[in-house]
There are 2 protein chains.
Amino acid sequence: MLVEKHPLKPQSLLSLKLKPYWSGNYSLYKMLNPQEILKKNSFRVTQHRCEVLTYFIQSKIALNHRQLELKYRGTINRVSLYRILHSFTEKKILCKLIDSVGSVSYVLDKHSSQNDSHVHPHYKCKTCHDVVELPELPADYRRELEKLNVLQLNMLAEGICQECQKSMK
Amino acid sequence: MLVEKHPLKPQSLLSLKLKPYWSGNYSLYKMLNPQEILKKNSFRVTQHRCEVLTYFIQSKIALNHRQLELKYRGTINRVSLYRILHSFTEKKILCKLIDSVGSVSYVLDKHSSQNDSHVHPHYKCKTCHDVVELPELPADYRRELEKLNVLQLNMLAEGICQECQKSMK
DNA sequence: GAGTATAATGCAACAATGTTGCAAAATTAA
DNA sequence: TTAATTTTGCAACATTGTTGCATTATACTC
Ligand SMILES: [Mn+2]
Ligand SMILES: [Mn+2]
Ligand SMILES: [Zn+2]
Ligand SMILES: [Zn+2]
């Protein structure tokens, strides 16, 4: 059986799609200030929420509760931090990442404005905590997952990113 | 550009490979008794380890520490249970599953005897805690993950399995 | 089978992480 | 400015997992 094969080399699954987490339409977060983001999600604009959101926007990496507790010690109560992280995650401002030992961290959700519900596999550098969003799983694979009535998917890859590998030499 | 295309319809990624977690060569666990499994992994054959391993083999589902603590209350100390789970996981007798809220459970590792180091995505039913092992991620996708120097991958899909959906009607 | 080295266990204490109820304070809308 | 509503801080509690150390069980040698 002979068929026409597209002359272009098939594009690698990731190479073309994988971008720094903060490129492209994610610049949305640079245009909207924290106040607007909060309002857009029908939150009250409080000092604490603004500061935490600003910190996530500035630092661009995954942060865990402990880091925030240290940064805001004497300023924001630890319970309030839990509640802020929880509510931000609920509204998809943040994305909750759970690694292979069960440790939790949060990163600004690239898709918070897009109102889609697809799977979000992420890659997180174990050293600098930088996060890139991996492309969705291939369609065939997703289709089969659907057959299993998948309701939640926890997927996080971890490693040492290129940058950190360079600076280790 | 004309190339030979294989006349067989490409097989679905999962349909052909997905089997009940306990079929096939997993019957290994039905042949080896717990004592032999422990010896094979250079553990001392203790009452506690035999009981826990037997329980995993018999129940065939994912179990968490709490369940074991309840089952063995008054018999096995909770710290010992943690240590047993930890050592079994280390030797790949058990596989540690972490779901999308961070809850941990353990299931007998289908590949414990095969000495391979590939990724093990699993599907766990939220109701009956039955586990099936998903096929590996497609090769293209895995290759790209490799480029990111992936050291760990946490991947667990959850949903309501067919059996449980039937019995819900 | 007794003796010995080594590993497993129980216990207490600790640590990390997350939750709940409620009063006080801050924000919003009128 | 007032009043409704949400957010916050605090204390207390819950869950999950870890560590050090004395005691006990197992495996190995004789
Ligand atoms: Mn998305
Ligand atoms: Mn395997
Ligand atoms: Zn890095
Ligand atoms: Zn089920």
Side-chain angles (χ1 to χ4, degrees), chain A residues 33-55 62-91 93-94 96-106 129 154 156, chain B residues 33-56 62-91 93-106 129 154 156:
Chain A
N33 56 28
Q35 281 90 348
E36 288 173 284
I37 293 173
L38 292 175
K39 280 179 194 158
K40 231 167 63 80
N41 287 279
S42 53
F43 281 121
R44 289 197 177 178
V45 178
T46 67
Q47 197 64 19
H48 289 354
R49 289 214 246 246
C50 284
E51 285 186 27
V52 171
L53 184 48
T54 300
Y55 188 38
L63 301 166
N64 58 33
H65 178 269
R66 175 107 64 117
Q67 293 170 289
L68 297 173
E69 200 177 351
L70 285 174
K71 177 168 175 68
Y72 295 113
R73 93 155 85 199
T75 312
I76 307 181
N77 184 273
R78 52 185 295 279
V79 177
S80 301
L81 286 174
Y82 276 118
R83 292 197 266 231
I84 288 172
L85 290 172
H86 186 262
S87 60
F88 281 5
T89 303
E90 211 167 41
K91 289 286 177 67
I93 294 172
L94 295 181
K96 185 177 182 174
L97 308 179
I98 303 177
D99 71 16
S100 47
V101 293
S103 297
V104 174
S105 62
Y106 299 84
H129 303 147
N154 181 25
L156 178 66
Chain B
N33 56 27
Q35 281 90 347
E36 288 174 284
I37 295 173
L38 291 176
K39 280 180 194 157
K40 231 167 61 80
N41 287 279
S42 53
F43 281 122
R44 289 197 177 176
V45 179
T46 68
Q47 196 65 21
H48 290 352
R49 289 214 244 247
C50 284
E51 285 186 28
V52 172
L53 183 49
T54 300
Y55 188 39
F56 269 100
L63 301 165
N64 58 34
H65 179 269
R66 175 108 62 117
Q67 292 170 291
L68 297 173
E69 200 177 351
L70 285 174
K71 176 166 176 69
Y72 295 112
R73 92 156 86 199
T75 311
I76 307 181
N77 183 272
R78 52 185 295 279
V79 177
S80 301
L81 286 174
Y82 276 118
R83 292 196 265 230
I84 288 172
L85 291 172
H86 186 262
S87 60
F88 281 6
T89 303
E90 212 166 40
K91 288 287 176 66
I93 294 171
L94 296 181
C95 193
K96 185 176 183 175
L97 308 180
I98 303 177
D99 70 16
S100 47
V101 295
S103 297
V104 173
S105 63
Y106 299 84
H129 304 148
N154 181 25
L156 178 66

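First the proteins, then the strands, lettered A, B, ... as listed; each starts at 1.
Remark: the A/Arg49 side chain and the D/dT7 base include no donor-acceptor N/O pair separated by less than 3.5 Å.
If you take CD1 of A/Ile84 and C1' of C/dT17, they are 17 Å apart, rounded to a whole angstrom. Atom CG of A/Leu38 and atom C1' of C/dA26 are 15 Å apart (whole Å). Spacing between atom CG of B/Leu85 and atom C1' of D/dG17 amounts to 11 Å, rounded to whole angstrom units. A/His48 has its NE2 atom 10 Å from the P atom of C/dA26, to the nearest Å. The distance from atom CG of B/Asn64 to atom P of D/dT15 is 13 Å, rounded to the nearest whole Å. Distance CD (B/Glu90) to P (C/dA7): 14 Å, rounded to an integer number of Å. Atom NZ in A/Lys91 sits about 12 Å away from atom C1' in D/dT6, given to the nearest Å. For the pair A/Arg73 CZ and D/dG9 P, the computed distance is 16 Å after rounding to whole Å.
Taking for each of B/Gln47 and A/Leu81 the nucleotide of DNA chain D with the nearest heavy atom, the 5'-most of the two is the partner of A/Leu81. Nearer to the 5' terminus of DNA chain D, by closest-nucleotide assignment, is the contact made by A/Thr46 (compared with the other of B/Thr46 and A/Thr46).
Taking side-chain N and O atoms only, A/Asn77 has a distance below 4.0 Å to OP1 or OP2 of D/dC10. For the pair A/Ser80 and D/dT7, the criterion of a side-chain N or O lying under 4.0 Å from OP1 or OP2 is not met. Note on A/His86: every side-chain N or O is 4.0 Å or more away from OP1 and OP2 of C/dG18.
Under the 3.5 Å distance criterion, the side-chain polar atoms of B/Thr54 are matched with a main-chain donor or acceptor of B/Cys50.
Comparing atom distances between the A/Val79 side chain and each of C/dC11, C/dA7, D/dC10 picks out D/dC10 as nearest. Among the nucleotides C/dT17, C/dT9, D/dG9, the one closest to the side chain of A/Tyr82 is C/dT17. When distances run from any side-chain atom of B/Arg78 to the nucleotides D/dT18, C/dT9, C/dT17, the shortest one goes to D/dT18. Taking every side-chain heavy atom of A/Arg83 into account, C/dT20 is the closest of C/dT28, D/dG17, C/dT20.
Within 4.0 Å (heavy atoms only), A/Ser87 reaches no atom of the nucleic acid at all. Within 4.0 Å (heavy atoms only), A/Ser42 reaches no atom of the nucleic acid at all. Among the heavy atoms of the strands lying under 4.0 Å from A/Arg66 are primed sugar atoms or P, OP1, OP2 only; no base atom is included.
Across A/Gln67 and A/Ala62, no two heavy atoms sit closer than the pair OE1-O, 3.9 Å. The two residues B/Ser100 and A/Ile98 have their closest heavy-atom pair at O-CD1, 3.3 Å.
Of the candidates A/Tyr106, A/Tyr72, A/Tyr82, A/His65 forms a ring-ring contact (aromatic ring centres under 6.0 Å, His included) with just one, namely A/Tyr82.
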(request) Test A/Lys40 against A/Glu36 for side chain to side chain contact (heavy atoms under 4.5 Å, CB included), laying out the working first. (result) CA-CA 6 Å; A/Lys40 231 167 63 80; A/Glu36 288 173 284; 6.0 Å; no
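If you look at B/Phe88 and B/Phe43, their ring centroids are closer than 6.0 Å.
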